[in-house]
Participant: 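Here it is, the structure in full.
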Amino acid sequence: MTIAPQAVIERRRLLVGGVVQGVGFRPFVHALAGRERLAGFVRNDGDGVVIEAEGAPESLDRFMHALVDEAPALARVDAVGVSRLAPEHARGFAIAASDGRGGAALVPPDVATCDACLSELHDPHDRRHRYPFITCTHCGPRFTIVRRVPYDRRNTTMAAFPLCADCRREYEDPADRRFHAEAIACPACGPRLSIPLAEAVGQLRDGAVLAVKGIGGWHLACDAADEEAVTRLRARKDREDKPFAVMAAEPADLAEVDPAADALLRSPARPIVLLRRRAAAHVAPAVAPGTPWLGVMLPYTPLHHLLLADVERPLVMTSGNRSDEPIVVGDSEARERLARIADAFLGHDRPIHRRCEDSVLRAPRTGGFPIRRSRGFAPSGLALPIGAPRAVVAVGAELKSTFCVARGAEAYLSPHLGDLDSEPAYRAFRADLELYLAMLGVRAEIVAHDLHPDYLSTRWALERDAECIGVQHHHAHAAACLAEHGRRGPALAVVLDGTGFGTDGTLWGGEVLRCDLTGFERLAHLEPVPLPGGDAAIRHPWRTAAAYLERAGRPVPWERWRLVRQSLGVNAPLSSGAGRLLDAVAALLGLREAISYEGQAAIELEHVAGGAPAAPYSCRMSRGVIAGADLVRAAHDDLDAGRPRREIAAAVHEGLAAAFAAACAWAGGPRTVVLSGGCLQNVRLARSLRRRLDAEGFTVLTHGSVPPNDGGISYGQAAVAAAAIDARKE
Ligand SMILES: [Zn+2]
Ligand SMILES: [Zn+2]
């Protein structure tokens, strides 16, 4: 390319911010510059992508528009800063080396294997035929292999694999689809499996439990149709009933897949989607006992594709850990911690730098919200209605723990970390948080936390030499829902949850708040009942049922209650949790007296209610106190009268929804209601509540991007803290 010296030319420096690294952005810029005959360079830096482009002003204008309009599918351009420079009369356009600074640049999430790579994977003439680590500019691991920004190969765990001549040629050729694909590899130069694939396939076909190294951690896999294998996996993993996810090449064989669910299953994040299981599905009963839902996902790495194609059957794919410990990431760690669970190990030598478990979403027709926002979503930014003038680190709650970093107008929610209730979990939490802060170049100077004094996340916050901002649990839930809709409030909030620490020292969880991002007022709530034995009551819902029956003036059917009651003394904290009320009804109906995972009793109650029509049980309210015991009394009396359980379960769901809709109408004020809290994962309850609030003329907002459960708490804390800091400026 030649530019005549007398022609009018300009040189512009563009700073492009957003998700622009690891998504094929530089090759895209290179191609655009060629089209517009511009000279200059593009490079990654700590804050995004820097372009210096030189040429005719109209070409530069077209180039700048195309940067936004034609950006690669996985990219997100948030801002383009422009400055004028003196022309250098340069020639050619180059992809220059990164400047090596760490900084704000966003690392993209991990992306499922693309169709172009898949067809090469299955092409016997391709040099990557059946290569389990095939990737390109548009797919493969990102977040989980990045050690530091900018996202360049030398800053990833792929730095340990020097490129062969063929790979280098592709990497450096602007016309190649692997031009600057940072995770590029091939059988000659890239990572390798630890055992022959055929051996792993044989193990699975024989009913063994196989540990498989994935993108953000290890999985435990077995034949999903083999009841014996699944039961063995449950026993060894010490996981009694909590459902397992299934990876299948043809999910429609197992569950009802409508077009919207299919699109979600096939999206680049490839989440686990909760679908209604087909009656005839060839899936062992032990995979998901007591629930009509089945968590299904498609293969998302080349290794998964090869495994499923060769095993020729759906596989249970569950996190590689024992019970509720953190997921295993390292190779030697896997061999040690999974030694008594797995019969064989299918590993490889590409290190995982960050753990990141699979995401779980409800199917679109049942709400489409995340239950776990993790792989494929983290660390992409979520907007904040009020930006954080200074960076905020929000550390979340305890169960389904996440943390979140707010900076400027965006919040970066961490992957799902699991329950933060043990020393190993706390260690993993701290390690992950350090890595995350380093990636973002943020220091924990302002820390938002839950009010519960015993949460390990609260302990971490209070031990910092930092300004701490305590955020009430249910205010954080409400703020998360407001914030994801770009709202500041004021609004009403219905938060139906298990238990969270209230400002009066009792455990809240069935609340109507009037709130905005900076504060809240508690307008209505379930009448508190004692939880006999505290945490023991959460594990043994029959105890809560006994407390509710006493409140309702009905006999307690359990003989052991008298003993338990005598031994309790003062250990019976008051709780207004909606989850506890549903637990109590489940126990009363004889569904479940003890649980083995959080929310189990309530989930089974929802299952029993199904779609059975029922008029709501009525529930009195006096000065904002909702008499939940009325629902228990009605359920008790109907049970005595021989009414079918499904009708009773349905009438309790409807009664709870009706009581909270009535409380909102009584509360007055804002005409917008946000719905949040773990109980709103209950499809029947959420639908009924929404229908009733709609009928009252409210605008109802529900979660779509962050979980309604405690996995969304840290984002809500971040939104509250950002607004609080911002408010000080005035
Ligand atoms: Zn690809
Ligand atoms: Zn190679």
Side-chain angles (χ1 to χ4, degrees), residues 19-28 30-31 70-76 95 107-146 151-193 197 214-216 247 249 263 265-271 297-309 348-352 356 375-377 380:
V19 180
V20 288
Q21 296 191 10
V23 291
F25 201 78
R26 288 173 302 163
F28 154 73
H30 187 275
E70 298 171 30
L74 299 172
R76 201 190 70 220
I95 292 188
V107 173
D110 304 303
V111 184
T113 309
C114 73
D115 289 344
C117 283
L118 269 187
S119 56
E120 289 178 9
L121 183 71
H122 298 305
D123 176 2
H125 303 294
D126 193 275
R127 71 187 189 90
R128 294 188 180 85
H129 179 228
R130 291 183 63 82
Y131 180 56
F133 304 94
I134 187 169
T135 65
C136 72
T137 324
H138 297 288
C139 73
R142 305 273 193 278
F143 175 63
T144 49
I145 60 167
V146 171
Y151 176 63
D152 280 346
R153 187 179 181 89
R154 66 195 160 86
N155 289 339
T156 70
T157 62
M158 289 298 290
F161 301 93
L163 295 180
C164 70
D166 286 338
C167 285
R168 176 154 299 284
R169 202 173 308 119
E170 291 169 327
Y171 184 84
E172 290 174 352
D173 176 4
D176 194 278
R177 68 183 198 86
R178 291 196 172 85
F179 182 44
H180 276 272
E182 307 301 345
I184 188 173
C186 79
C189 66
R192 283 159 204 227
L193 296 179
L197 190 69
I215 290 268
M247 181 178 276
L265 280 166
R266 288 176 202 287
S267 62
R270 293 271 162 129
M297 67 179 142
L298 285 162
Y300 59 84
T301 71
L303 179 57
H304 294 154
H305 282 283
L306 294 172
L307 261 184
L308 281 173
H348 57 70
D349 53 0
R350 183 180 70 200
I352 298 170
C356 190
R375 178 187 49 76
F377 297 95
S380 40

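Counting starts at 1 for both ligands and their atoms, in listed order. Predicted model only: the values in this text are computed from it and were never measured.
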Participant: Counting only heavy atoms from other residues, nucleotides and ligands, does the tally under 6.0 Å from CZ of Arg192 exceed 12?
Facilitator: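 It does not: Arg192 CZ has 12 such atoms or fewer within range.
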
Participant: Do Arg350 and Ile215 come within less than 4.5 Å of each other through their side chains, counting heavy atoms only?
Facilitator: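 The answer is yes; the side chains approach within 4.5 Å.
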
Participant: With heavy-atom distances below 4.5 Å as the criterion, would you say the side chains of Phe143 and Arg375 are in contact?
Facilitator: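 Result no, sub-4.5 Å side-chain heavy-atom pair not found.
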
Participant: Return the OH to CG distance between Tyr131 and Leu193, rounded to the nearest 0.5 Å.
Facilitator: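 Rounded to the nearest 0.5 Å, the OH-CG separation comes to 8.5 Å.
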
Participant: I need the minimum non-hydrogen distance between Cys356 and Thr144, along with the two atoms involved.
Facilitator: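 In terms of heavy atoms, the two residues are closest at CB-CG2, 3.7 Å.
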
Participant: When you compare the side chain of Arg127 with that of Cys167, does any pair of heavy atoms fall below 4.5 Å?
Facilitator: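 When only atoms from C-beta onward are counted, Arg127 and Cys167 do touch, with a gap below 4.5 Å.
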
Participant: Please determine if Asp166 and Arg178 form a salt bridge, counting it only when a charged side-chain N lies under 4.0 Å from a carboxylate O.
Facilitator: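 Not counted as a salt bridge, because no side-chain N and carboxylate O are separated by less than 4.0 Å.
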
Participant: Minimum heavy-atom separation for Ala183 and Ile145, please, with both atom names.
Facilitator: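 Smallest interatomic distance, heavy atoms only, reads CB-CD1, 4.2 Å.
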
Participant: Return the set of protein N, O or S atoms whose distance to the Zn ion (ligand 2) is under 2.8 Å, each given as residue and atom.
Facilitator: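 As for protein N, O or S atoms lying under 2.8 Å from the Zn ion (ligand 2), they are Cys164 SG, Cys167 SG, Cys186 SG, Cys189 SG.
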
Participant: Where does the angle between the aromatic ring planes of His180 and Tyr171 fall among parallel (under 30°), tilted (30 to 60°) and perpendicular (over 60°)?
Facilitator: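 Answer is tilted, since the angle falls between 30° and 60°.
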
Participant: Sort by chain and number the protein N/O/S atoms found under 2.8 Å from the Zn ion (ligand 1).
Facilitator: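 Hits for the Zn ion (ligand 1) below 2.8 Å: Cys114 SG, Cys117 SG, Cys136 SG, Cys139 SG.
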
